[in-house]
There are 2 protein chains.
Amino acid sequence: MLAAMNLPVPPWQTPKKRPAKQPLSREAIVAAALTVLDAEGLDALTMRRLAEELGTGPASLYAHVKDKEELYDLLIDAVCAEVRVPEASAEDWEERVKDFVRESVRVLTSHRDIGRIAMARIPTGFNVLRVADGMLGVLKAGGLSDQDCAWAVDILSLYANAHSYESSLFEQKLAWQENMLEVPFFEQLAEYYKALPADTFPNLAPMAAVMLTGNGDDRFEFGLDLLVRGLASRRPTVSPEVRPA
Amino acid sequence: MLAAMNLPVPPWQTPKKRPAKQPLSREAIVAAALTVLDAEGLDALTMRRLAEELGTGPASLYAHVKDKEELYDLLIDAVCAEVRVPEASAEDWEERVKDFVRESVRVLTSHRDIGRIAMARIPTGFNVLRVADGMLGVLKAGGLSDQDCAWAVDILSLYANAHSYESSLFEQKLAWQENMLEVPFFEQLAEYYKALPADTFPNLAPMAAVMLTGNGDDRFEFGLDLLVRGLASRRPTVSPEVRPA
DNA sequence: TTCGAGTCAAGAACAATGTTCGTAAGCGTC
DNA sequence: GACGCTTACGAACATTGTTCTTGACTCGAA
């Protein structure tokens, strides 16, 4: 058919069909993915669902994103953009380190299920590196050796990610069982632990109650305390103000 | 057709058709799963592949195992059976704690990809509990409070699992890239880090070399050292032999 | 103005996966 | 010898990530 195409478009009709909705970029995909993720969780984040959110088909996404893995990388980086990097200082050093890790898990757990994909990624994205750089700065202010600082970044990130991972999966499991089970599962677990035979588990059986004390945050704080105490004990010099003048 | 079934079976023919191969139990399934896992990795461990390994169809497995998740639980428990639980003692306490964690990751990394499914499982299996009980015993010998011991079991397990997870995924990624890439990826990463702009990453850029120093074991030892130092510093009393008599 | 190359979108399809349905076979008991 | 009851399992279903291929549109040059 002969189409009269190059006429000035009459204003009462939509000028073109394709770029009516904005033309689908990496950024738009990542933003939509975060929307789906926060609203419906990781299991709902399929390429089809994501395409639907963008008003297109799943195949279109692969023009902008190589893999689902690459999408995950982009998601992590986008989330890391929200981490507020503090300034480094030797004062209150231990608390500053702790606060940074707390801030990381705050962001990581503020987006639903993001913890489940955060682990075991080699940091290359801009925002991930920005966070690592900030962490390195905070650590170096404590006077640790360069090698200790470098590895500490690794370990603290691992800890933050691992906690977020467990937290995310635990929350999911909890929500799932809440809908399916009548007795709240935690009581079930408490019963189970208390019923352990004391002769087979001489240490565990008497401590059933203590094992179940505290929520995820308490445990996180405990582990964080261990790590930071360990770091502090590796400082070659004690803090300058208590050093003999 | 009329089948003469209740005749005494002639010894020169296989007596029955069904129980010729042994009748498919949880144990057999778990054993076969471990075989497939060790030989071909987690991605190859599909219900079909597992059924094939047992000479049956995938549907048959679901009579003995509720889920793939339950299969994973059983796998973890089976692997935990290999962990050698040491005896508790106050002597060389810190090194004993370390050795126990080392033993855990040794087992966890000795089976291919098992680290990828070890995290975020609520410990209920016999062998998992046995390991937790042993860990608790070793920790208590150090004189920590009950609450500290309980949470330390959690944190140390989390650390062992997280390290195994990363190690497993990292090894997979490394093996994959080794076949596809010509330049060994680690050099690529080193180049990338060294090329980071120093004005945007003032801490990271000068430390590119240090960041990449050490393999997974070194980093694991470093984190383990942090945790155990932290635990030691929480001991209410220093070790008895240095206490004033 | 027209053609042609090139880019982007997207429907359809493919292969693989976990899981369930329905049916059949064997075993124990009345 | 017939009836349950457990176990086995081929076939099928729904969902997933991903690719193939066709079509729509853009833009630059003849």
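Just so it is clear: chains get the letters A, B, ... in the order the sequence lines come, proteins before strands, and each one is counted from 1.
- Residue-level contact check: B:S60 touches the bases, meaning some heavy atom is under 4.0 Å from a base atom.
- Separating the CG atom of B:D43 from the P atom of C:dG18 is a distance of 10 Å, rounded to the nearest angstrom.
- What separates OH of B:Y62 from C1' of D:dA12 is a distance of 14 Å, to the nearest Å.
- Ion pairing of B:R49 with B:E40 is present here, as a side-chain N (NZ or NE/NH1/NH2) and a carboxylate O approach within less than 4.0 Å.
- In the model, B:Q172 has a side-chain atom that pairs as donor or acceptor with a side-chain atom of B:R116 under 3.5 Å.
- Ring geometry for A:F220 versus A:Y159: interplanar angle under 30°, hence parallel rather than tilted (30 to 60°).
- Look at CE on A:M47: it is 18 Å from P on D:dT15, rounded to the nearest Å.
- Using a 4.0 Å cut-off between charged nitrogen and carboxylate oxygen, A:D154 and B:R219 count as a salt-bridge pair.
- Each of A:A59 and B:R48 lies near DNA chain D, and the nucleotide nearest B:R48 is the one positioned closer to the 5' end.
- One interatomic measurement links the two molecules: CG of B:L50 to P of C:dT19, which rounds to 12 Å at whole-angstrom precision.
- Using a 4.0 Å cut-off between charged nitrogen and carboxylate oxygen, A:E70 and A:R26 count as a salt-bridge pair.
- In this structure, B:E52 places its CD atom 12 Å from P of D:dG10, rounding to the nearest Å.
- The side chain of B:A63 sits closest to D:dA8 out of D:dA8, C:dG18, D:dG17.
- Within the structure, ring pair (Phe, Tyr, Trp, His ring centres under 6.0 Å) contacts touching residues 101-129 of chain A (residues at least two apart or in different chains) are A:F126-B:F201.
- Closest to the side chain of A:H64, from the set D:dG17, D:dC9, C:dA9, is C:dA9.
- Across the protein-nucleic acid pair, A:I29 atom CD1 and C:dA10 atom P stand 11 Å apart, rounded to whole Å.
- For the helix from C:dT1-D:dA30 to C:dC30-D:dG1, the terminal axes (five pairs an end, C1' atoms, rotation from four pairs onto the next four) enclose an angle of 30°, given to 10 degrees.
- Between B:T56 and the phosphate of D:dA8, there is no side-chain N or O to OP1/OP2 separation shorter than 4.0 Å.
- For the salt bridge (Lys or Arg N to Asp or Glu O under 4.0 Å) test with B:D73, the passing option among B:K66, B:K68, B:R121 is B:R121; the others fail.
- Residue A:K68 contributes atom NZ, which lies 8 Å from atom C1' of D:dT16 at whole-angstrom precision.
- Residue A:R26 contributes atom CZ, which lies 14 Å from atom P of C:dA9 at whole-angstrom precision.
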